[in-house]
Amino acid sequence: MKIVITGATGHLGRLVVEQLLQKVSPRDLAVAVRNVEKAADFQERGIDVRHADYEQPETLRTAFEGAAKVLLISANEIGKRFEQHRNVIEAVKAAGAGLLVYTSILNADRSGIGLAKEHLATEELIRESGVPFVILRNGWYLENYTENLAPALQYGAIAGSAGTGRVAAAARADYAAAAVAALTGEGHAGKVYELPGDAPFTMSELAAEVSRQSGKQVVYNDMPPGQYRELLVGAGLPVPVAEMLVDADLGLGRGELDRESGDLGRLIGRPSMLLGDAIRAAVH
Ligand SMILES: NC(=O)c1ccc[n+]([C@@H]2O[C@H](COP(=O)([O-])OP(=O)(O)OC[C@H]3O[C@@H](n4cnc5c(N)ncnc54)[C@H](OP(=O)(O)O)[C@@H]3O)[C@@H](O)[C@H]2O)c1
């Protein structure tokens with residue numbers, strides 16, 4: 001009986017696999033991936049690599065065979081995810097897995113952010129499936145803010161429509177650790193964990209931290225949503241992506257990416273990564 005990880009060739013999934021290997025033998029792991037060539041390194045390390053495309057249910061029929069536990073890392077094609085997740089949930093149920101862990105979004109049941117809809121619908125399907133579950137309502141990744149600092153440093157400004165709202169972000173490695181805890185620990189079945197990072201920050205605080213760490217003056221430039229949308233489209237983003245980012249920023253401004261909760265620290269046994277540490281690593 002194995003632990004099967006989906007999305008293992010993605011950013012979060014790779015961190016989950018690495019952290020799981022600290023706890024379990026590669027023989028007890030399988031990855032269910034869209035592109036098996038991207039998982040060649042896993043195979044070399046003795047992990048069972050299985051083909052699983054959420055759009056091709058026939059691949060899912062074999063991907064979860066013998067699974068004791070499955071981590072479903074939410075897919076990344078917005079608007080298609082509900083059907084994709086449904087295919088996975090049906091296959092996991094048919095395989096008789098004893099636990100399904102799902103990466104959802106913070107405040108999924110009360111968030112007005114458009115992205116939350118597919119997550120909440122997926123959570124409902126999981127409950128209806130009857131498969132024992134753990135829902136990990138992840139906050140925003142710190143990497144959303146640290147992976148693309150070049151324009152901020154070039155223009156001396158971070159743009160957005162988040163106003164003075166706070167985002168309780170944590171590192172992907174923290175969310176990987178939470179997934180590993182849910183997969184390997186006891187007593188998590190049936191739980192819905194809200195996983196904000198420990199130290200929420202505003203966009204002005206983000207800009208101040210970037211200034212401090214880089215030595216370059218960077219300010220937060222708050223703007224009306226229409227103007228932010230135009231700026232993102234002008235910078236080359238596809239319209240739906242620009243609209244998703246604007247919508248998320250407005251949700252951030254309403255406080256929907258923040259929350260009081262100690263769940264993340266309790267799951268991972270340490271504080272989550274702080275913004276300052278993440279920015280320091282990114283600019284040095
Ligand atoms: N909390 C946040 O701030 C935040 C930010 C961005 C995304 N997310 C969500 O969190 C998830 C994990 O984040 P991440 O950074 O690891 O994303 P990522 O690097 O884009 O990884 C997504 C993974 O899903 C796999 N996948 C997508 N469509 C699939 C399909 N049809 N069949 C099988 N596998 C499929 C991808 O496979 P390939 O390797 O073949 O592409 C990839 O391994 C994302 O997918 C998204 O739902 C959260």
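We count ligands from 1, going down the list as the structure has it; atoms in each ligand are counted the same way. Each residue takes its place number in the sequence, starting with 1.
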Under 4.0 Å, counting heavy atoms only: does [X] come that close to any atom of ligand 1?
| X | answer |
| --- | --- |
| Ile73 | yes |
| Gly139 | yes |
| Lys80 | no |
| Arg172 | yes |

Taking atom [atom1] of [X] and atom [atom2] of [Y], what is their separation to the nearest 0.5 Å?
| X | Y | atom1 | atom2 | value |
| --- | --- | --- | --- | --- |
| Leu125 | Glu83 | CG | CD | 9.5 Å |
| Lys2 | Lys69 | NZ | NZ | 15.0 Å |
| Ile158 | Leu149 | CD1 | CG | 6.5 Å |
| Arg172 | Arg14 | CZ | CZ | 13.0 Å |

Problem - Pi-cation contact, Tyr54 with Arg86 (under 6.0 Å, within 45°) - result: no
Between the side chains of [Y] and [X], is the shortest nitrogen-to-carboxylate-oxygen separation below 4.0 Å, so that they form an ion pair?
| X | Y | value |
| --- | --- | --- |
| Arg270 | Asp174 | yes |
| Arg166 | Glu205 | yes |
| Glu90 | Arg61 | no |

[X], portion touching ligand 1 at heavy-atom distance under 4.0 Å:
| X | answer |
| --- | --- |
| Ala52 | backbone |
| Asn138 | neither |
| Asn76 | both |

Backbone or side chain, does any N or O of [X] fall under 3.5 Å from an N or O of ligand 1?
| X | value |
| --- | --- |
| Trp140 | no |
| Glu77 | no |
| Ala75 | yes |
| Thr103 | no |
| Ala8 | no |
| His119 | no |
| Thr9 | yes |

Nearest-neighbour protein heavy atom for [atom], which is reported as residue plus atom name and distance:
| atom | answer |
| --- | --- |
| atom 19 (O) of ligand 1 | His11 ND1, 2.7 Å |
| atom 23 (C) of ligand 1 | Gly7 CA, 3.8 Å |
| atom 35 (C) of ligand 1 | Tyr54 CE1, 3.5 Å |
| atom 41 (O) of ligand 1 | Arg34 NH2, 2.8 Å |
| atom 31 (N) of ligand 1 | Asp53 OD1, 3.2 Å |
| atom 13 (O) of ligand 1 | Tyr141 OH, 2.8 Å |
| atom 44 (C) of ligand 1 | Ser74 O, 3.4 Å |

Practice task
List every atom of ligand 1 that sits less than 4.0 Å from any heavy atom of Arg81, numbering the atoms from 1 in the order shown and giving each element.
Solution key: 47 (O)
Practice task
Any atoms of ligand 1 less than 4.0 Å from a non-hydrogen atom of Leu12? List them with their elements.
Solution key: 14 (P), 16 (O)
Exercise for the section: Pick, from Ala170, Ala248, Gly10, the option with the minimum heavy-atom distance to atom 43 (O) of ligand 1. Expected result: Gly10
Handout entry: Pick from Asn144, Leu115, Leu257: the one approaching atom 3 (O) of ligand 1 most closely through a non-hydrogen atom
Key = Asn144
Practice task
Indicate, with yes or no, if Tyr175 and Ile268 share a hydrophobic cluster defined by side-chain heavy-atom contacts under 4.5 Å among Ile, Leu, Val, Met, Phe, Trp and Tyr.
Solution key: yes
Exercise for the section: Indicate whether any N or O donor in one side chain lies under 3.5 Å from an N or O acceptor in the other, for Glu123 and Ser104. Expected result: yes
Practice task
Given side chain to side chain contact (heavy atoms under 4.5 Å, CB included), test Arg137 with Ile105 step by step and report yes or no.
Solution key: CA-CA 4 Å; Arg137 288 185 175 165; Ile105 188 173; over 6 Å; no
Handout entry: For Val70 against Ala97, the heavy-atom pair lying closest together
Key = CG2-CB, 4.1 Å
Problem - Main-chain N/O of Ser129 paired to Lys93 side chain as donor or acceptor, under 3.5 Å - result: yes
Practice task
Please check if the side chain of Gln19 supplies one atom and the backbone of Ala177 the other of a donor-acceptor pair under 3.5 Å.
Solution key: yes
Exercise for the section: Tell me whether the centres of the aromatic rings in Tyr102 and His85 are closer together than 6.0 Å. Expected result: yes
